[in-house]
4 protein chains.
Amino acid sequence: MARMRSPEKRKALLEAAVLEIDASGLSAPTSRIASRAGVAEGTLFTYFANKDALLNELYLELKIELYQRLNAELDPKAGLKVRTRQIWFSFLNWAIEYPQKRKVSLQLHMSNLIASNTRDQAAAKSGAVAAALSELGECAAKRGLPAEFASSSMGAMQEVAMDLIAKQPERREQLEREAFEAFWRAVQ
Amino acid sequence: MARMRSPEKRKALLEAAVLEIDASGLSAPTSRIASRAGVAEGTLFTYFANKDALLNELYLELKIELYQRLNAELDPKAGLKVRTRQIWFSFLNWAIEYPQKRKVSLQLHMSNLIASNTRDQAAAKSGAVAAALSELGECAAKRGLPAEFASSSMGAMQEVAMDLIAKQPERREQLEREAFEAFWRAVQ
Amino acid sequence: MARMRSPEKRKALLEAAVLEIDASGLSAPTSRIASRAGVAEGTLFTYFANKDALLNELYLELKIELYQRLNAELDPKAGLKVRTRQIWFSFLNWAIEYPQKRKVSLQLHMSNLIASNTRDQAAAKSGAVAAALSELGECAAKRGLPAEFASSSMGAMQEVAMDLIAKQPERREQLEREAFEAFWRAVQ
Amino acid sequence: MARMRSPEKRKALLEAAVLEIDASGLSAPTSRIASRAGVAEGTLFTYFANKDALLNELYLELKIELYQRLNAELDPKAGLKVRTRQIWFSFLNWAIEYPQKRKVSLQLHMSNLIASNTRDQAAAKSGAVAAALSELGECAAKRGLPAEFASSSMGAMQEVAMDLIAKQPERREQLEREAFEAFWRAVQ
DNA sequence: GATGAATGAGGTTTCATTCAT
DNA sequence: TATGAATGAAACCTCATTCAT
């Protein structure tokens, strides 16, 4: 297993997994994932030790991709509200561009299949995003709420925003903006 | 003349389903559910036509239980903020008292196993709660957000509150209060 | 089990069995048979020791009913061809009048569920029919064929006639007649 | 590169199916069929999509085997009676050589598990046999019987012949001959 | 390394039969 | 006696994983 002969096949398998899990849930058969990736059933297991490993690596990959994007679009020198807004929009854009990835990421997050080790590795990649959210957390802390309150609320309110946008895509920009303001009021 | 179908066994099966699904997800085997309920494998199917039916009835039962509680603790004549706070606390208390039921209810809600018919039946039981949330939606509407924004946000922020409380149960009361205020700022 | 409280229920069960087996084959569930007969699932087993017993008794009943009819319409003093023709028409009329009974009787006959004991009991009821057929068998014997040849051929050719009549019911009379003549040529 | 699906295993499964169905009827469990074929339970389903498919393919295979044999032993240039006799003996030889195949073929034929599509495919293989039987049907037609009368009668009388031969195998040749003559008288 | 046939444990569901009421 | 809930052994089928090629 050591060195993967073809990183493309690995990627194809992860992408196929996203599509299959989106369609059928976490019980999507490995055989379907493999065949959608265009490889043989058994090949999947030369890239991933077992289904659990595939799921954990997929989770990590999705988190890393997202954090890379968030960090790329983040100006670390800007003021807190500006940075918060940047994160807000970056995430929403990603989630709307790749709704299946977001849905699968969420399913994996809530399942009990993702090892705490994997969760830690994912968290370690948050970079400058974490810094901004922690700064935001301090505001909340003044009100007597734990520091995580801010970031958790952001995730939660983005969830809400996405659902609304999914129903009225033509109002996307306005909904993103108004929902952000609502969120900002909440954490201030 | 014959042994009558016992409501206790039905209840035992639904409760066992909650525990098993909490532990293993929606793919929890019917055999495990039956055995945890203390009945034979086949007995489950005298109470529910098939696994799907069990899941749908469970969803309905959980929703009804919750709505009954929310409505019982709701004063329909009180002002909007008061009623909103009543719903907020009632729900949190239920969710904290029965974390497994809440988790299972959520999983069922997100799955594609619950028939729209079942969802409608559940919605029909919301009673005065629905009235309060719709009134709250009108506020949001003034800001240009859809009416659902308010109720969705409530759910989302309660989610956040519950996570925090789970981590610091001794601060429960304060966290509930502060999170409510944050939520209230968001929807005003 | 000794004395049946209600012969009507027994009859209802046997009739229901005919209909269910006609529809679903010998694997028709006892529960469906019982419910079509308008009695409880368990009641079936107070009338028949088990499914096998039900099937054996049904076979016997059908054979007896048929033989009674054949014998009733048979004039034992008539010539051989006349008697043969009487049997031929009596049977065809019964089979066309009760196609389900005939189909079920055939299925039971071919299955390995009917005990040889049961088959013997059925054969014992053939009465004057047997006499006519055995007389007919003697003709065949002259040609070097076993005595059973005649009766077996009759059954086989009636089978053929019924299929043809099922497809062209309006030509029933003619088909019955011509097929009989063909059969008669065969055994002469 | 991988192990290829082996025609031998497929054949072994079909043969095992014949034996099991002969012994226990169409409800013969797939697990017994697989184990008699010397493969694992699941392997059966790599060769046949499901039990129904297995049964349909088995039916087709049996019909094709029979028709190939009948056609191989048939001289299309011979006179009608000669050809009819050839078919008569070919079939009887096959049926006596493989009594289980014949019994299973009959059971499948009468069941409602064989798709009309499958029946059509089987009929398409009848070749020169069909021609001879249809020619024979024309004789019957002169007597006012439908064309199928001849072929149906042949099947029916062969059925009779086989039963007799099964009881007195030592007289096989004579019984085959005499029964054929009886049949021929019937259809002339 | 890649393939896909082979495996068999395990999942859902059916059903003949028993037995408490 | 009549009832129908309860039982659990099978039945059919799926699927993660292994391994011969």
Classify B:Phe48 by what it touches in the nucleic acid, base, sugar-phosphate, or nothing, heavy-atom distance under 4.0 Å. nothing
I want to check one thing: is the phosphate of E:dA6, taken as OP1 and OP2, less than 4.0 Å away from some side-chain N or O of D:Lys9? yes
Map D:Leu44 and A:Thr43 onto DNA chain E by nearest heavy atom, then report which one ends up closer to the 5' terminus. A:Thr43
note: C:Ile33, atom CD1; E:dT17, atom C1'; distance rounded to Å ~ 14 Å
Which whole-number value in Å describes the distance from A:Lys51 NZ to F:dT18 C1'? 17 Å
Write down the partner of E:dA20 under the Watson-Crick or G-U wobble criteria, each distance required to be under 3.5 Å. F:dT3
d(CD, D:Glu8; C1', E:dA5) in whole Å: 14 Å
Considering residues, nucleotides and ligands other than D:Lys125, do more than 12 of their heavy atoms fall under 6.0 Å from its NZ? no
Looking only at side-chain N and O atoms, does D:Thr46 come under 4.0 Å of OP1 or OP2 in E:dA5? no
Return the nucleotide paired to F:dA10: Watson-Crick means purine N1 to pyrimidine N3 with N6-O4 or O6-N4, wobble means G-U with N1-O2 and O6-N3, both under 3.5 Å. E:dT13
Nucleotide E:dA5, atom C1' - distance to CG of D:Leu13 in whole Å: 13 Å
Name the closest nucleotide to the D:Phe45 side chain, picking from F:dT14, F:dA11, F:dC15. F:dT14
note: D:Arg32, atom CZ; F:dC12, atom P; distance rounded to Å ~ 11 Å
Residue B:Tyr47, side-chain heavy atoms: nucleotide from F:dA6, F:dT17, E:dA5 that is nearest: F:dA6
A:Leu54 CG to F:dT17 C1', in whole Å, measures 14 Å
Tell me which of A:Glu41 and D:Asp52 sits closer to the 5' end of DNA chain F, going by the nucleotide each one is nearest to. D:Asp52
Name the residue from C:Gln107, C:His109, C:Gln121 that meets the side chain to side chain donor-acceptor pair (under 3.5 Å) definition with C:Tyr59. C:His109
Taken to the nearest whole Å, CG/C:Asn50 to P/F:dA9 is 19 Å
Checking B:Thr46 side chain against B:Thr43 main chain: does a donor-acceptor pair fall under 3.5 Å? yes
If I take atom CZ in residue B:Arg5 and atom P in nucleotide F:dA5, what distance separates them, rounded to the nearest angstrom? 5 Å
C:Arg36 vs C:Glu20, side-chain contact (heavy atoms from CB on, under 4.5 Å): CA-CA, chis, key distance, verdict: CA-CA 8 Å; C:Arg36 183 178 276 231; C:Glu20 288 297 328; 2.8 Å; yes
A:Ser31 vs C:Ala40, nearer the 5' end of DNA chain F by closest nucleotide: C:Ala40
Does A:Thr30 put a side-chain nitrogen or oxygen below 4.0 Å from OP1 or OP2 of F:dC15? no
Taking D:Leu113's backbone N and O only, do any of them form a donor-acceptor pair with D:Asn56's side chain (distance below 3.5 Å, no angle check)? yes
